[in-house]
Amino acid sequence: MRIGVVFPQTEIGPDAGAVRAYGQRVEELGFAHLLAYDHVVGADPAVHQGWAGPYDIRSTFHEPLVTFGFLAALTSLELVTGILILPQRQTVVVAKQAAEVDLLTGGRFRLGIGLGWNAVEYDTLGEDFSTRGRRVGEQVELLRLLWTEESVTFHGEQHTVVGAGLAPMPVQRPIPVWFGAASPPAFRRTGRLADGWFPLFPPGPKLDEARAAVDAAALDAGREPAAIGMEGRVNWGDNGLDQLLDHAERWRAAGATHLTVNTMNAGLGAVDGHLAVLADVAAALGL
């Protein structure tokens, strides 16, 4: 089980030096990858009355793919979006950006994608929130064509490409695409299309039910379920190392291929607080 960290988007602040220090130190500690969340804009609760989302206009989010270009020059970590909200972005632009990150990292990149929950963000970017689930499958199909074929001609419901292609191409052809999944339609998409997935609940009956749905969809699509990776997540909290280690072992027993350690929302403050906790976690995990 490969163990990485969740980049503390909402707490690391705008200083490039903090981003550099975080990336370099987590690599020194022995973590294998860095995963970043994605939001382009936040909603203003003063305008959107009754706003109940976990993030708003004051929540800081470094743009993941640009940040990865910066980190690629500083570390040898695998870099992972977890997740990039694909249907609110132009597919061909994402293909180009992802190919560049893959080149700059030497093939150490996974594109985690999902649908998102923030209709305000979709509206601001000029995309239809209500059709996001129907569009994402075609987007993934086109991404993989652009990453593997020099000249692409594609006629879909939402995309038309005629004799066009990316240069330079990525190292990985295609780049692995992982899905965030928390609903039956998402489980079915994962089984049909994903190289791996990020469950949004811990090991237990709900995860077992979701994995059964993913595996069934994979078999229906002629795929091998065991080839689909799974990344769990453990959170640093009030109960400290004992609880985190217990949750990590539960993910290992559940068959997770990857695990990330999240230190946000634990009152750790700026970058030094996060790194101090991660040093203890790395030692306890034997990294």
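Because only heavy atoms are used, hydrogens play no part in the values below, and waters and symmetry mates are left out as well, while side chains stay in.
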**Q** For the hydrophobic clusters of this structure (ILVMFWY residues joined by side-chain heavy atoms under 4.5 Å, transitively), does one cluster hold both Val277 and Met264?
**A**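 Result: no, two separate clusters.
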**Q** Could you walk me through whether Trp117 and His39 pass ring pair (Phe, Tyr, Trp, His ring centres under 6.0 Å), step by step?
**A** CA-CA 10 Å; Trp117 50 267; His39 281 291; 5.5 Å; yes
**Q** Kindly determine whether Thr10 and Tyr55 satisfy side chain to side chain contact (heavy atoms under 4.5 Å, CB included), including the steps that lead there.
**A** CA-CA 9 Å; Thr10 60; Tyr55 309 113; 3.8 Å; yes
**Q** Supply the atom-to-atom distance Leu193 CG to Leu143 CG, rounded to the nearest 0.5 angstrom.
**A**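 Interatomic distance, Leu193 CG to Leu143 CG, rounded to 0.5 Å: 11.0 Å.
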**Q** At their closest point, which heavy atom of Trp51 faces which heavy atom of Val120, and how far apart are they?
**A**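 Shortest heavy-atom contact: CZ3-CG2, 4.0 Å.
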**Q** Ignoring hydrogens and angles, tell me if any N or O in the side chain of Lys206 forms a donor-acceptor pair with the backbone of Leu200 under 3.5 Å.
**A**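 Checked: no pair found.
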**Q** Treating Ile, Leu, Val, Met, Phe, Trp and Tyr as nodes and any side-chain heavy-atom pair under 4.5 angstrom as an edge, say whether Trp197 and Leu35 lie in one connected cluster.
**A**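 Result: no, two separate clusters.
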**Q** Less than 4.5 Å apart, any side-chain heavy atom of Gln139 and any of Ile113?
**A**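 In short, these two side chains do not touch, never coming nearer than 4.5 Å.
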**Q** Are any side-chain N or O atoms of Arg20 and backbone N or O atoms of Phe70, one a donor and one an acceptor, separated by less than 3.5 Å?
**A**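 Side chain of Arg20 to backbone of Phe70: no pair is present.
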**Q** Begin from the C-alpha positions of Val5 and Thr260 and carry the test side chain to side chain contact (heavy atoms under 4.5 Å, CB included) through to its verdict.
**A** CA-CA 5 Å; Val5 297; Thr260 44; over 6 Å; no
**Q** Taking the side chain as every heavy atom from C-beta outward, state whether Glu27 and Ser76 have any atom pair closer than 4.5 Å.
**A**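 Side-chain contact under 4.5 Å: yes.
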**Q** State, to 0.1 Å, how close Ala99 and Leu166 come at their nearest heavy-atom pair, and which atoms those are.
**A**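 Heavy atoms of Ala99 and Leu166 come nearest at CB-CD1, 4.2 Å.
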**Q** For the pair Arg25 and Glu28, find out whether any cationic side-chain nitrogen is under 4.0 Å from an anionic carboxylate oxygen.
**A**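 A salt bridge is present here (some side-chain N lies under 4.0 Å from a carboxylate O).
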**Q** If you look at every heavy atom in Ala248 and Val234, which pair is closest and at what distance?
**A**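 In terms of heavy atoms, the two residues are closest at N-CG1, 3.7 Å.
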**Q** With a 4.5 Å cut-off on side-chain heavy-atom distances among I, L, V, M, F, W and Y, is there a chain of contacts connecting Leu29 to Leu244?
**A**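 Yes; tracing contacts between hydrophobic side chains, which count when under 4.5 Å, links both residues.
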**Q** Please give me the minimum heavy-atom distance between Pro174 and Thr148, naming the atom from each residue.
**A**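 So the minimum-distance heavy-atom pair works out to N-CG2, 3.6 Å.
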**Q** Please round to the nearest 0.5 Å and tell me the distance separating atom CG of Asn118 and atom CD of Gln88.
**A**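 Answer rounded to 0.5 Å: 7.5 Å.
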**Q** Are Glu138 and Glu157 packed together at the side-chain level, in the sense that at least one heavy-atom pair is separated by less than 4.5 angstrom?
**A**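 When only atoms from C-beta onward are counted, Glu157 and Glu138 do touch, with a gap below 4.5 Å.
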**Q** Anything under 30° is parallel, anything over 60° is perpendicular, the rest tilted; go ahead and classify His62 against Phe7.
**A**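 The arrangement is perpendicular - the two ring planes meet at more than 60°.
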**Q** Any Lys/Arg nitrogen of Arg89 or Glu63 sitting under 4.0 Å from an Asp/Glu carboxylate oxygen of the other?
**A**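 Looking at Glu63 together with Arg89, the answer is yes, because their closest N to O distance falls below 4.0 Å.
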**Q** To the nearest 0.5 Å, how far apart are OH in Tyr22 and CD in Glu11?
**A**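 If we round to the nearest 0.5 Å, Tyr22:OH and Glu11:CD are 10.0 Å apart.
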**Q** Hey, mind stepping through Met1 and His258 against side chain to side chain contact (heavy atoms under 4.5 Å, CB included) and telling me if it holds?
**A** CA-CA 5 Å; Met1 185 170 70; His258 298 69; 5.6 Å; no
**Q** For the side chain of Thr257 and the backbone of Met230, is there at least one donor-acceptor N/O pair under 3.5 Å apart?
**A**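 Side chain of Thr257 to backbone of Met230, a donor-acceptor pair under 3.5 Å: yes, one is there.
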**Q** Considering only NZ, NE, NH1 and NH2 on the basic side and carboxylate oxygens on the acidic side, decide whether Arg110 and Asp102 come within less than 4.0 Å.
**A**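 Looking at Asp102 together with Arg110, the answer is no, because their closest N to O distance does not fall below 4.0 Å.
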**Q** Any side-chain donor-acceptor pair under 3.5 Å between Thr91 and His159?
**A**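 Thr91 vs His159: donor-acceptor pair found between side chains.
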**Q** For Glu249 and Arg252, run salt bridge (charged side-chain N to carboxylate O under 4.0 Å, His left out): C-alpha distance rounded to whole Å, both residues' side-chain angles, the deciding distance at 0.1 Å, then the answer.
**A** CA-CA 5 Å; Glu249 185 53 40; Arg252 189 188 305 275; 3.5 Å; yes
**Q** By ring pair (Phe, Tyr, Trp, His ring centres under 6.0 Å), which residues pair with Phe31, not counting sequence neighbours?
**A**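 Applying ring pair (Phe, Tyr, Trp, His ring centres under 6.0 Å) to Phe31 gives none.
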**Q** Under a plain distance cut-off of 3.5 Å, with no hydrogens placed, do His33 and Glu231 share a side-chain donor-acceptor pair?
**A**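 Checked: Glu231/His33 side chains pair up, N/O donor to acceptor below 3.5 Å.
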**Q** Which heavy atom of Phe61 sits nearest to which heavy atom of Asp38, and what is that distance?
**A**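 Minimum heavy-atom separation between Phe61 and Asp38: CD2-C, 4.3 Å.
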**Q** Please determine whether residues Ile85 and Leu111 belong to a single hydrophobic cluster, defined as Ile, Leu, Val, Met, Phe, Trp and Tyr linked transitively by side-chain heavy-atom distances below 4.5 Å.
**A**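 As far as the 4.5 Å side-chain criterion goes, Leu111 and Ile85 are not connected within one cluster.
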**Q** Would Leu278 and Trp236 count as a side chain to side chain contact (heavy atoms under 4.5 Å, CB included) if you check the C-alpha gap in whole Å, the side-chain angles of each, and the deciding distance to 0.1 Å?
**A** CA-CA 9 Å; Leu278 289 172; Trp236 178 261; over 6 Å; no
**Q** Counting only N and O atoms by type, is there a donor-acceptor contact under 3.5 Å from the side chain of Gln9 to the main-chain atoms of Tyr37?
**A**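 Flag set: sc Gln9 to bb Tyr37 pair under 3.5 Å.
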**Q** Ignoring hydrogens and angles, tell me if any N or O in the side chain of His274 forms a donor-acceptor pair with the backbone of Gly269 under 3.5 Å.
**A**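 Judged by distance alone, yes, a pair lies under 3.5 Å.
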**Q** Within the 4.5 Å heavy-atom criterion, are Trp178 and Val80 side-chain neighbours or not?
**A**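 The answer is no, as the side chains (C-beta and beyond) never meet within the 4.5 Å cut-off.
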**Q** Please check: side-chain N/O of Thr190 versus main-chain N/O of Val214, any donor-acceptor pairing under 3.5 Å?
**A**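 No: the side chain of Thr190 does not pair with the backbone of Val214.
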**Q** Taking side chain as C-beta onward, heavy atoms only, is Val19 less than 4.5 Å from Asp15?
**A**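 No, their side chains stay 4.5 Å or more apart.
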**Q** Are any non-hydrogen side-chain atoms of Leu259 and Arg2 less than 4.5 angstrom apart?
**A**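 Result no, sub-4.5 Å side-chain heavy-atom pair not found.
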**Q** Quick one: closest heavy-atom pair of Ile175 and Asp195, and the distance?
**A**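 Closest heavy-atom pair between Ile175 and Asp195: O-OD2, 4.2 Å.
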**Q** Is the closest basic N to carboxylate O distance between Glu127 and Arg132 below 4.0 Å?
**A**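 No salt bridge links Glu127 with Arg132.
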**Q** When you measure from the side chain of Arg192 to the backbone N and O of Phe187, does any donor-acceptor pair fall under 3.5 Å?
**A**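 No; zero donor-acceptor contacts below 3.5 Å.
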**Q** Is there a side-chain contact between Leu115 and Phe129 in this structure, where contact means two heavy atoms from C-beta onward sitting under 4.5 Å apart?
**A**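 A side-chain contact under 4.5 Å is absent here.
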**Q** Would you compute the distance between atom CG of Leu268 and atom CD1 of Ile12 and round it to the nearest 0.5 angstrom?
**A**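 Result: 12.0 Å between the selected atoms.
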**Q** Are the side chain of Arg108 and the backbone of Thr105 linked by a donor-acceptor contact shorter than 3.5 Å?
**A**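 Yes; at least one donor-acceptor contact below 3.5 Å.
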**Q** My understanding is that only residues two or more places apart in sequence, or in another chain, count here; which of them pass side chain to side chain contact (heavy atoms under 4.5 Å, CB included) with Val93?
**A**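 Val93 satisfies side chain to side chain contact (heavy atoms under 4.5 Å, CB included) with Gln90, Gln97 only.
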**Q** Give, for atom CZ of Phe179 and atom CZ of Phe198, the distance between the pair rounded to the nearest 0.5 Å.
**A**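 With rounding to 0.5 Å, CZ (Phe179) is 11.0 Å from CZ (Phe198).
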**Q** For the atom pair CZ (Arg189) and OG (Ser183), what is the distance rounded to the nearest 0.5 Å?
**A**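 Result: 6.0 Å between the selected atoms.
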**Q** Please indicate whether Asp238 has more than 12 foreign heavy atoms, meaning atoms of other residues, nucleotides or ligands, lying under 6.0 Å from its CG.
**A**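 Counting neighbours around CG of Asp238, 12 or fewer heavy atoms of other residues, nucleotides or ligands fall under 6.0 Å, so no.
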**Q** Looking only at atom types and distance, does a side-chain atom of Thr75 sit under 3.5 Å from a main-chain N or O of Leu77, one as donor and one as acceptor?
**A**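 Between the backbone of Leu77 and the side chain of Thr75 there is a qualifying donor-acceptor contact (under 3.5 Å).
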**Q** Are Leu34 and Leu275 linked, directly or through intermediate hydrophobic residues, by side-chain heavy-atom contacts shorter than 4.5 Å (ILVMFWY only)?
**A**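 Yes, because Leu275 and Leu34 connect within a single hydrophobic cluster, where side-chain heavy atoms sit under 4.5 Å apart.
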**Q** I'd like to know if the side chain of Arg188 reaches the main chain of Ala217, judged simply by a donor and an acceptor atom lying under 3.5 Å from each other, with no hydrogens or angles considered.
**A**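 No, because the side chain of Arg188 does not come within donor-acceptor range (under 3.5 Å) of the backbone of Ala217.
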**Q** Taking the side chain as every heavy atom from C-beta outward, state whether Gln172 and Trp147 have any atom pair closer than 4.5 Å.
**A**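 They are not in side-chain contact.
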